[in-house]
Amino acid sequence: YNETTEPLTPQLRGIDSFNPQDAAVEMALRGGVTTVGTGPGSANILGGTFFAVKTYGRCVDSMVVRDPVAMKAAFGQNPKKVYEKRGCSVRMTVAAKLRDMLFQTKEYLAKKEAAEGNVSKLPKFDMKLEALIPVVKGELPLKVHAHRADDICTVIRIAKEFNIRVTLEHVTDGHLIP
């Protein structure tokens, strides 16, 4: 699913939307798929976390293999289309909004670390920035939806700028880059 109220929702967790009773889960298991990585869709620039889960069980909490495994991100047409009338109608904006959130997270993390545990010196809690800390620390990759070559190159450029890990999904025009 996608949360379409705003383009940056890294605080969302895929585990909170997983329904073990969904027919697709049982169909996957019957087809021999025992474990999946799942999470938010590709409408948001930052959509929240993916997790790994078994395809058998009744309660997601007992089915989880690992949570989180990645932070979902999307470039290109999807975020542009969903948010075109709300301040995100071009690819430059998608990239700028992601960069801004990464800069904010780095600054937030630096302030937390500088506080050295002193509660009075800690920055005001920010759930979005907290969710991105594992990304800027290199502990969690961005799982990036990108089709066009220009979007793929932008993702790689941002990954280098911020020294973050990424995985690229779809990569339809990837053959055009080399």
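Index from 1, following the sequence.
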Of all heavy-atom pairs between [X] and [Y], which one has the smallest distance, and what is that distance?
X	Y	answer
F162	K106	CD2-CD, 3.8 Å
A159	V166	CB-CG1, 3.9 Å
I45	P79	CG1-CB, 3.9 Å
A131	P10	CB-O, 3.3 Å

Working to the nearest 0.5 Å, report the span between [atom1] of [X] and [atom2] of [Y].
X	Y	atom1	atom2	answer
N78	N2	CG	CG	8.0 Å
N118	L122	CG	CG	7.0 Å
N163	L102	CG	CG	11.5 Å
C88	K81	SG	NZ	14.5 Å
N44	T4	CG	OG1	7.5 Å

Looking at side-chain heavy atoms only, is the closest gap between [X] and [Y] below 4.5 Å?
X	Y	answer
R148	D150	yes
L46	K72	no
L12	T49	no
T167	V144	no
L129	E107	no
F50	P40	yes

[X]: which residues meet the salt bridge (Lys or Arg N to Asp or Glu O under 4.0 Å) condition with it, sequence neighbours left out?
X	answer
K128	E6
R99	E161
K112	E130

Please identify each residue that fulfils ring pair (Phe, Tyr, Trp, His ring centres under 6.0 Å) with [X], with sequence neighbours left out.
X	result
F18	F51
Y1	none
Y83	none

Cut-off 3.5 Å, no hydrogens considered: what does the side-chain donor-acceptor table look like for residues 170-178, sequence neighbours left out?
| residue | atom | partner | partner atom | Å |
| --- | --- | --- | --- | --- |
| H170 | NE2 | H145 | ND1 | 3.1 |
| T172 | OG1 | H147 | ND1 | 2.5 |
| H175 | ND1 | T172 | O | 3.4 |

Please tabulate, for side-chain N and O atoms in residues 23-35, each donor-acceptor pair with protein atoms closer than 3.5 Å (sequence neighbours left out).
| residue | atom | partner | partner atom | Å |
| --- | --- | --- | --- | --- |
| E26 | OE2 | R30 | NH1 | 2.9 |
| T35 | OG1 | K54 | NZ | 3.2 |

When you measure from the side chain of Y108 to the backbone of D126, do you find a donor-acceptor pair of N or O atoms at a distance under 3.5 Å?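 Such a contact is found between Y108 side chain and D126 backbone.
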
Please check if V82 and L8 belong to a single hydrophobic cluster, counting links between Ile, Leu, Val, Met, Phe, Trp and Tyr side chain heavy atoms closer than 4.5 Å.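 They do not share one cluster, since no chain of ILVMFWY contacts under 4.5 Å joins V82 to L8.
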
Check which hydrophobic residues are tied to V119 through side-chain heavy-atom contacts below 4.5 Å, counting indirect links as well, and list them. none

Can you give each donor-acceptor pair under 3.5 Å made by side-chain atoms of residues 90-98, sequence neighbours left out, with the distance rounded to 0.1 Å?
| residue | atom | partner | partner atom | Å |
| --- | --- | --- | --- | --- |
| R91 | NE | D151 | OD1 | 2.9 |
| R91 | NE | D151 | OD2 | 3.0 |
| R91 | NH2 | D151 | OD2 | 3.3 |

Could you list the donor-acceptor pairs under 3.5 angstrom formed between side-chain atoms of residues 58-71 and any protein atom two or more places apart in sequence or on another chain?
| residue | atom | partner | partner atom | Å |
| --- | --- | --- | --- | --- |
| S62 | OG | C59 | O | 2.9 |
| D67 | OD2 | R13 | NH2 | 2.6 |

Extract all donor-acceptor atom pairs below 3.5 Å that involve side chains of residues 134-143 and protein atoms in other chains or at least two apart in sequence.
| residue | atom | partner | partner atom | Å |
| --- | --- | --- | --- | --- |
| K143 | NZ | E169 | OE1 | 3.3 |
| K143 | NZ | E169 | OE2 | 3.3 |

